Amino acid sequence: MTEVIQSFADVRVGVIGVGFVGMAHIEALRRLGIQVVAAARGNVERGTAGATAALPPIAASVDELIEDPSIDAVHVASPNNVHAAQAMRCLGAGKHVICEKPLGVTANETAELVAAANRSGLVHAVCFNMRFYPLNQHMAAEVASGALGSPTLLTGSYLQDWLLLDTDWNWRLDETTGGTLRSVADIGSHWLDLAQFISGQRVVEVMADLHTFVPVRQRPVVEPHTFAGPDPGEASEPVEITNDDAAGILLRFADGARGVLTVSQVAAGRKNALSLQISGSVGSFGWCSEEPDVLWHGHRGQPNQVLQRDGTLMNDTGVAATVLPVGHVEGYADTFRSLFAAVYADVVAGRPSDRRSYPTFADGHDAMLVTEAIARSAASGRWETVERGMQA
Ligand code: SOE
């Protein structure tokens, strides 16, 4: 553990998982001047995704990295089924923890994590990075200030096509590593977290219909990387798939607002498109992750507006999350930088601040409660309540 942490440059970090997202974490940390001193391979990866940056020294094991006394904070970017156990071990080793979503694969394990994190006094965060596109920070503050009036309807989708073919494989398809719900827990969780962040309202009831459109897939002998297509001619075996390629979900929010969400990882032509429209009693906002520097503002009785991310035109919250001048598009990788800048301000301070601007384990647990309500509704065919009585 670093004796005295006075700035980002003093912080020593380890990253578990050097796949696609693990590399995004490593590069974002380095942009902030934070020392990434070690990495450990997850349990299913083949090599590293792209290796767009030199890898830090690879620890002999995940345990060696977690127990390294010189490390102050650990990022968990391994497959979903080991997130909770690894995060819990990090807390036990006195490390600040930044965990990829989902925080766990059951609400029971995420409730235990919230309780342990609160007892530890350590900084804890979950990577709902979509919040940290600058225009989403701007939008949330505008909605909170009443720019739309009272939110009434939140609609949208999160659409991808990287699992369209029966030869597309990823550990997320295997329920033992990905968890029971797949498209909903993997990407639907981003939309649900963003919708609640932007509206300031919690989802309280859900009605869900899940679909498996590709019932049998070819599992290659060697585990491919996330977003890596199949190696032609590689040996594979047929595997029956039961988790969700896509979902249609109706939502009721605490303040009476309603929502409609479509999730799909088999939507040909949509690569990584999170779209959200929030309508209110006097106006609407619309945003899409494939054009992240553009915010649509809908009006009645006056022309609609399009805001291009511009520090001179955004509120303070939006400005705080932006680093590039107008016209220099800020994208996916930049969201990790802005999220980690907020998290590591607390690491430098030595404790979680009272008003955290970043998603914590409590948000990761709440996301699990919503996900489990969606699973119950898909099974029952009825509206199901999000059971927040389980709050840790
Ligand atoms: C795959 O669906 C994935 O990498 C998700 O796991 C990420 O959370 C999302 O940001 C991009 O797509």
Side-chain angles (χ1 to χ4, degrees), residues 15-28 42 44-46 48-50 52 75-83 98-105 125-133 136 156-165 168-175 177-179 181-195 197 214 217 223-229 241 243-247 261-276 287-290 292 330-340 358-359 363-364 367-368 371:
V15 176
I16 303 171
V18 286
F20 154 64
V21 174
M23 293 307 293
H25 284 226
I26 290 171
E27 292 177 5
V44 291
E45 285 145 322
R46 174 172 71 178
T48 58
T52 51
H75 287 233
V76 176
S78 40
N80 298 350
N81 62 309
V82 293
H83 283 183
I98 296 85
C99 186
E100 263 299 328
K101 35 57 58 185
L103 181 59
V105 291
V126 175
C127 286
F128 286 119
N129 58 300
M130 293 295 186
R131 294 188 187 190
F132 280 81
Y133 283 99
N136 285 339
S157 58
Y158 197 152
L159 306 176
Q160 300 174 328
D161 70 0
W162 67 294
L163 293 175
L164 176 63
L165 308 178
D168 291 323
W169 183 263
N170 184 261
W171 54 261
R172 292 168 177 78
L173 291 158
D174 179 342
E175 296 191 17
T177 47
L181 294 193
R182 189 219 324 150
S183 68
V184 169
D186 186 24
I187 58 175
S189 59
H190 275 300
W191 192 97
L192 289 161
D193 173 76
L194 187 63
F197 171 65
V214 183
R217 292 179 180 266
E223 189 68 32
H225 246 302
T226 299
F227 284 107
I241 301 297
N243 55 23
D244 46 303
D245 292 315
L261 167 61
T262 304
V263 180
S264 175
Q265 294 183 308
V266 295
R270 295 299 182 191
K271 304 309 175 185
N272 190 41
L274 187 159
S275 299
L276 172 66
W287 180 84
C288 178
S289 62
E290 291 192 341
E330 294 201 54
Y332 184 79
D334 300 296
T335 65
F336 289 94
R337 178 215 162 278
S338 295
L339 167 56
F340 297 161
Y358 52 86
D363 297 291
M368 205 63 236
T371 299

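Keep in mind it's a predicted model, so treat the numbers as computed, not measured. Counting starts at 1 for both ligands and their atoms, in listed order. The figures here come from the full heavy-atom set of this structure, side chains too, leaving out hydrogens, waters and symmetry mates.
- The protein non-hydrogen atom at the shortest distance from atom 12 (O) of ligand 1 is Gln160 NE2, 3.1 Å.
- Shown in contact with Gln265 at under 4.0 Å from a heavy atom are these atoms of ligand 1, numbered in order with element: 2 (O).
- The Tyr158 neighbourhood of ligand 1 comprises atoms 9 (C), 10 (O), 11 (C), with distances under 4.0 Å to a heavy atom of that residue.
- For Asp245 and Gln265, the side-chain atoms include no donor-acceptor pair closer than 3.5 Å.
- The protein heavy atom nearest to atom 8 (O) of ligand 1 is His190 NE2, 2.8 Å.
- Annotation for ligand 1: atoms under 4.0 Å from non-hydrogen atoms of Asp186 are 1 (C), 2 (O), 5 (C), 6 (O).
- Enclosure of atom CZ in Arg270 is not indicated, since only 12 or fewer non-hydrogen atoms of other residues, nucleotides or ligands lie within 6.0 angstrom.
- Between Phe336 and His25, the ring planes are tilted. Angles from 30° to 60° get that label.
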Tyr158 vs Met130, side chain to side chain contact (heavy atoms under 4.5 Å, CB included): CA-CA, chis, key distance, verdict: CA-CA 12 Å; Tyr158 197 152; Met130 293 295 186; 3.2 Å; yes

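- Looking only at protein heavy atoms, the nearest one to atom 3 (C) of ligand 1 is Phe227 CE1, 3.9 Å.
- Judged by distance alone, with hydrogens and angles left aside, the side-chain atoms of Asp334 form no donor-acceptor pair with the main-chain N or O of Tyr133 at under 3.5 Å.
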Before you tell me yes or no, could you show the steps for Arg131 and Asp193 under side chain to side chain contact (heavy atoms under 4.5 Å, CB included), namely the whole-Å CA-CA distance, both residues' side-chain angles and the distance that decides it to 0.1 Å? CA-CA 8 Å; Arg131 294 188 187 190; Asp193 173 76; 2.8 Å; yes

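- For ligand 1, the atoms sitting less than 4.0 Å from at least one non-hydrogen atom of Phe20 are 4 (O), numbered in the order shown with element in parentheses.
- Per-residue contacts place Ile187 under 4.0 angstrom from the following atoms of ligand 1 (heavy atoms of the residue considered): 2 (O).
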Audit row: Leu163, Val214, side chain to side chain contact (heavy atoms under 4.5 Å, CB included) steps and yes/no: CA-CA 9 Å; Leu163 293 175; Val214 183; over 6 Å; no

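- Taking the centre of each ring, Phe132 and Phe128 stay at or above the 6.0 Å mark.
- Taking every heavy atom of Tyr332 and a limit of under 4.0 angstrom, the matching atoms of ligand 1 come to 9 (C), 10 (O), 11 (C).
- Neither the backbone nor the side chain of Asn129 comes within 4.0 Å of ligand 1, counting heavy atoms alone.
- At a heavy-atom cutoff of 4.0 Å, ligand 1 is contacted by no atom of Glu100, backbone or side chain.
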